[in-house]
Amino acid sequence: MSTTSSAPAQTQKSMADYASEFGLKPDEYQVILDRLGREPNYVELGVFSVMWSEHCSYKSSRMHLRKFPVTGERVICGPGENAGVIDIGDGQACIFKMESHNHPSYIEPYQGAATGVGGIMRDVFTMGARPVALLNALRFGEPSHPKTKRIVEGVVAGIGGYGNCVGVPTVAGETNFHAGYNGNCLVNAMCVGLADADKIFYSAAPEPGLPVVYFGSKTGRDGIHGATMSSAEFSEDSEEKRPTVQVGDPFAEKLLIEATLELMASGAVAAIQDMGAAGLTSSSVEMAGKGGLGITLDLDKVPQREANMSAYEMMLSESQERMLAILKPGRENDGYRIFEKWGLDAAVIGETNTSGHIVLKHKGEVVCDLPLGPLSDDAPLYDRPWVEPDMEAPLASVPSAPVGDALLTILASPDMASKRWLWEQYDRHVMADTLADSATGSDAGMVRVHGTKKALAVTSDCTPRYVKANPYEGGKQAVAEAWRNLTAVGADPIAITDNLNFGNPERPKIMGQIVRAIDGMAEACRELNFPVVSGNVSLYNETNGVAIPPTPTVGAVGLLADYDQRVGFHTLKAGQVLVLIGETAGELGSSLYLREVHGIEAGAPPKVDLSVEKRNGDFVRDLIRSKTAKAVHDLSDGGLLPAAFDMASASGVGIELKNSTALEDHVFAFAEDQARYLIAVDEASAHLVLAKAAEAGVPALTIGVAGGSDLSLTGVMSLSLDELKTANERWLPEFMG
Amino acid sequence: MKATVHIFLKAGVLDVQGKAVEGALNGLAGTAGWSDVANVRVGKVLEFDLKSTDKAAAEAEVKSMCEKLLANTVIESYRIEVA
Amino acid sequence: MKATVHIFLKAGVLDVQGKAVEGALNGLAGTAGWSDVANVRVGKVLEFDLKSTDKAAAEAEVKSMCEKLLANTVIESYRIEVA
Amino acid sequence: MKAAVLVFPGSNCDRDCKVAVEVTTGAQVSMVWHQDTSLPAGLDLIVVPGGFSYGDYLRCGAMASLSPVMAEVVKAAQRGVSVVGICNGFQILCEAGLLPGALMRNAGLKYVCKPIELTIENRNTRFTSAYGDKSSVWMTQGNGDGNFFADAETLKAIEDNHQVVFRYVENPNGSVNNIAGIMNTEGNVLGMMPHPDRAFEPALGSADGAPLFHSLMRVLQAA
Ligand SMILES: Nc1ncnc2c1ncn2[C@@H]1O[C@H](COP(=O)(O)OP(=O)(O)O)[C@@H](O)[C@H]1O
Ligand SMILES: [Mg+2]
């Protein structure tokens with residue numbers, strides 16, 4: 001084997017120079033030298049650098065991720081595979097995961113977001129599931145920043161362009177704007193799929209001597225070093241370093257889904273893995289490594305889009321819409337028949353063996369021969385130094401404001417404004433099983449489990465301003481809000497996936513944010529019996545030393561046994577009584593009210609008491625099941641009055657509220673205390689609900705009645721729904737216009 | 001003056017449309033009596049009228065339009081003709 | 001041989017994309033220092049290689065491709081170059 | 001009733017159409033691959049489903065219209081078999097010449113997905129007889145190229161012959177004369193942008209698509 005396989009000929013750099021260029025730290029490179037007992041060649045170094053990148057190895061976060069509860073009655077497969085798998089009864093399973101495509105979306109918004117959606121779908125159908133729902137959690141820079149509009153435009157078009165074409169409904173998501181994302185937008189996409197519980201496919205190669213089949217699109221020079229790129233900070237010159245942009249082909253993805261599911265149904269598949277970040281490298285290394293085997297690939301057989309691709313380029317390419325499967329003995333022809341039917345390129349490119357090595361051949365030469373152990377098991381694991389992150393102290397006092405004006409301001413603010421402009425570009429109804437989507441007036445998206453009375457409820461949540469103010473409480477809150485959103489539609493919350501977006505973990509304060517947010521999330525998951533079954537970490541979201549607000553996005557899935565028991569907040573009727581469930585102490589620290597009305601971003605965020613959260617939520621879910629609660633909305637951003645507006649506006653009927661508490665009106669209207677719900681009940685059942693609540697120890701207060709066409713707070717303010725709706729609907733289309 | 005701008009994906013960037021059109025043309029070739037085609041690329045073309053009567057100035061102006069708005073230079077390259 | 005096909009919407013069919021680009025260019029004109037443009041039309045351009053070495057035969061072949069697939073003559077017109 | 005749903009590479013409403021026809025009519029529905037050179041015998045209905053056949057690359061429906069199976073669909077349509085094209089299916093039928101006109105980019109240049117109110121313009125068709133005197137119906141729509149166009153002469157013919165079956169109450173895409181769905185002069189081929197296949201039972205938000213399939217059943221029962 002030549003020791004300089006495929007290194008660019010003209011340069012005189014040493015392997016150590018290349019190591020640092022590829023993002024390996026000197027001590028990491030030393031480990032490679034020690035393990036190999038020799039210098040790696042260029043291809044081998046490339047393989048190490050991507051496998052040991054933050055993106056593939058989770059080297060900064062891995063030891064903290066272990067704190068998450070990952071098991072539970074309904075968990076079939078937790079983190080570690082391409083996606084998490086939960087049992088939804090009747091022999092069926094739900095498979096889901098969330099993933100980021102932050103850096104690519106900043107560089108090329110349309111393709112970055114599109115390929116993000118494509119990538120997360122592959123993680124799900126790789127395990128045997130048909131994708132049935134998509135979600136996206138988006139964080140953009142402040143509206144006045146010169147890049148924001150273009151990024152929003154491209155990201156939204158890219159998400160729609162890909163998901164719509166593949167034919168999976170995009171049913172929910174969230175969108176924030178903040179100066180903290182000016183230099184790094186966040187694009188987190190989640191995919192949810194359905195499979196038979198006894199037909200789930202895994203990536204570990206089961207035995208030696210099996211054919212390794214490549215299928216999908218051809219390999220080009222796209223995104224080489226994408227995985228290491230996404231593990232680096234941006235700086236002025238990152239424009240120069242950017243890899244060839246990956247372009248998504250949703251049409252190819254659609255064919256790939258059908259071909260993959262057909263191949264699986266044919267019984268030919270022994271193991272399978274999509275080619276995601278670090279493409280052929282990570283897929284082959286992981287499949288062989290997990291199986292405790294070895295693998296040999298003949299790179300000349302790889303379907304190639306461009307002439308003269310080097311081994312290095314093929315191994316590091318992140319060309320999209322590609323899969324790697326290990327077939328059962330002698331089943332190659334089943335594969336070829338299916339790939340031909342769907343018009344996909346395919347080739348047997350290698351074989352599993354017992355060598356414990358990955359061996360790559362190219363043009364008659366062995367260009368890489370590495371033991372698999374060090375690549376995955378000995379990947380660096382860091383206990384990075386961390387300090388308590390900056391935290392906001394409780395506020396001494398909160399300024400007041402005229403409630404009606406404040407409401408108009410909040411409803412028209414970028415974070416609260418209707419996102420119609422955006423989700424009307426997403427196909428939300430394809431597959432004809434959508435029960436609730438972004439347009440519905442529902443705290444979670446809902447899709448039927450095809451052909452049954454069951455439904456999945458899905459949501460994505462994080463409140464970055466809380467996490468910034470207190471990573472631990474904010475981490476708890478993100479999980480609690482997701483749990484609450486599922487509860488509010490009548491679903492049993494089952495499990496979550498997450499996407500941990502942070503700055504540079506080598507800075508102790510950032511590492512502190514990561515550690516404390518994970519602590520908070522883990523505690524909430526434990527207390528709410530809401531395990532983590534999959535997830536993704538995106539670090540180094542910084543530009544010129546400025547990190548994003550810590551943003552641990554939670555994607556959650558719940559189950560309804562009978563979708564006729566679902567509820568939304570669009571079903572309020574005149575005459576119904578509004579009951580506020582949960583206690584309002586008057587939490588206004590880091591609230592939307594303070595930020596939007598007074599320009600203050602300060603104060604301790606609302607406390608999350610998980611036992612209260614659980615008690616209140618279980619109580620509300622029972623009211624939904626017994627059909628007592630006719631409409632339900634959780635209280636989150638902006639507090640009571642914006643939630644009442646949502647309910648009134650989605651239902652087309654006014655609400656008259658009354659503040660009978662000792663709280664000042666602006667506090668009553670806008671406090672963001674947790675574990676609260678606004679529910680509508682028939683007048684006749686109102687006192688029964690209050691009695692039941694008292695019995696269960698759940699704070700409940702009758703606060704108003706539905707009717708008319710205004711939203712009012714008696715004696716304080718009254719505004720027509722039309723005026724409020726206009727304020728809420730106007731901002732985004734005007735901004736994008 | 002009249003400007004014509006051609007915009008294509010840069011070499012090396014996957015041209016999904018080109019790939020699909022090539023497949024379709026070659027798929028039909030048999031029945032339609034065409035020979036096979038290769039290297040299909042699909043791009044955009046823009047034509048418009050400019051006030052400027054100076055060719056060099058017009059070219060500079062259209063170049064600036066391409067850089068700022070018409071082309072996405074991360075993945076696309078463009079060619080300008082002014083006449 | 002190399003074929004180039006230009007496809008535009010027919011005159012009389014509203015070119016909404018052209019209108020939008022025109023609006024965007026003229027909207028930026030002030031700050032970017034451009035003069036206003038007019039009559040913007042946005043079309044498609046296809047390039048591909050043909051086996052044929054005879055120009056007339058190649059042209060006929062490409063014309064048949066346009067009629068059958070590449071253009072929709074209800075709304076579009078096309079122009080062929082073969083070289 | 002015996003029905004078939006075509007499947008092109010990139011079709012994504014093929015299953016939706018199958019289920020909608022089955023649920024509303026109890027028909028037997030077979031799926032027909034785009035490369036098939038014959039259709040099942042004795043079909044009463046052929047559905048050309050929505051989606052992104054061939055990725056919508058080049059022009060929506062253009063490549064699919066040239067699939068081998070479409071030659072058979074044209075023959076079946078000439079024999080009088082009912083053909084319904086929905087969304088991408090409508091685009092394919094226009095490209096195949098089974099319906100007049102063309103579908104262009106939406107006037108707003110964006111994909112638009114939303115519930116849409118339609119008026120029924122012609123109640124005396126095999127697709128609409130079961131709507132009774134319902135004045136308007138709701139279905140959802142989702143497309144980027146739903147802007148129907150026909151030149152003045154063609155348009156006049158379409159209107160004069162009462163070929164317009166559905167019209168938008170509020171035009172979402174710039175379609176000429178607010179046209180949402182048309183049929184051929186013989187009245188057996190329908191193309192429409194809104195999705196009856198996503199509006200066939202109340203849980204989906206509307207069941208107003210169901211009478212379209214019921215209408216087709218009536219024709220058969222009467223025959
Ligand atoms: N990026 C997005 N994609 C899809 N739907 C979105 C997106 N952003 C917001 N939405 C939808 O807009 C509605 C309001 O969003 P949000 O205020 O975040 O909801 P909630 O208060 O329940 O957390 C929800 O239905 C949500 O799913
Ligand atoms: Mg909510």
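Contacts of C/Leu69 with chain B are made by side-chain atoms alone, with heavy-atom separations under 4.5 Å and no backbone atom involved.
With contacts defined as side-chain heavy-atom distances shorter than 4.5 Å, the pair B/Phe48/C/Val21 does not qualify.
When each of C/Val62, C/Val37, C/Leu70 is checked for heavy-atom pairs under 4.5 Å with chain B, C/Val37 comes out on top.
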Please tabulate, one pair per line, the donor and acceptor atoms of chain B and chain C that lie under 3.5 Å from each other, or say none if there are none.
from: C/His6; atom 1: NE2; to: B/His6; atom 2: NE2; distance (Å): 2.6
from: C/Trp34; atom 1: NE1; to: B/Ser64; atom 2: OG; distance (Å): 2.6
from: C/Ser35; atom 1: N; to: B/Glu61; atom 2: OE2; distance (Å): 2.9
from: C/Ser35; atom 1: OG; to: B/Glu61; atom 2: OE2; distance (Å): 2.9
from: C/Ala38; atom 1: N; to: B/Asp49; atom 2: O; distance (Å): 3.0
from: C/Ala38; atom 1: O; to: B/Asp49; atom 2: N; distance (Å): 2.8
from: C/Asn39; atom 1: ND2; to: B/Asp49; atom 2: OD2; distance (Å): 2.6
from: C/Arg41; atom 1: N; to: B/Glu47; atom 2: O; distance (Å): 2.8
from: C/Arg41; atom 1: O; to: B/Glu47; atom 2: N; distance (Å): 2.9
from: C/Gly43; atom 1: N; to: B/Val45; atom 2: O; distance (Å): 2.7
from: C/Gly43; atom 1: O; to: B/Val45; atom 2: N; distance (Å): 2.9
from: C/Val45; atom 1: N; to: B/Gly43; atom 2: O; distance (Å): 3.0
from: C/Val45; atom 1: O; to: B/Gly43; atom 2: N; distance (Å): 2.7
from: C/Glu47; atom 1: N; to: B/Arg41; atom 2: O; distance (Å): 2.9
from: C/Glu47; atom 1: O; to: B/Arg41; atom 2: N; distance (Å): 2.9
from: C/Asp49; atom 1: N; to: B/Ala38; atom 2: O; distance (Å): 2.8
from: C/Asp49; atom 1: O; to: B/Ala38; atom 2: N; distance (Å): 3.0
from: C/Asp49; atom 1: OD2; to: B/Asn39; atom 2: ND2; distance (Å): 2.6
from: C/Glu61; atom 1: OE2; to: B/Ser35; atom 2: N; distance (Å): 2.9
from: C/Glu61; atom 1: OE2; to: B/Ser35; atom 2: OG; distance (Å): 2.9
from: C/Ser64; atom 1: OG; to: B/Trp34; atom 2: NE1; distance (Å): 2.6

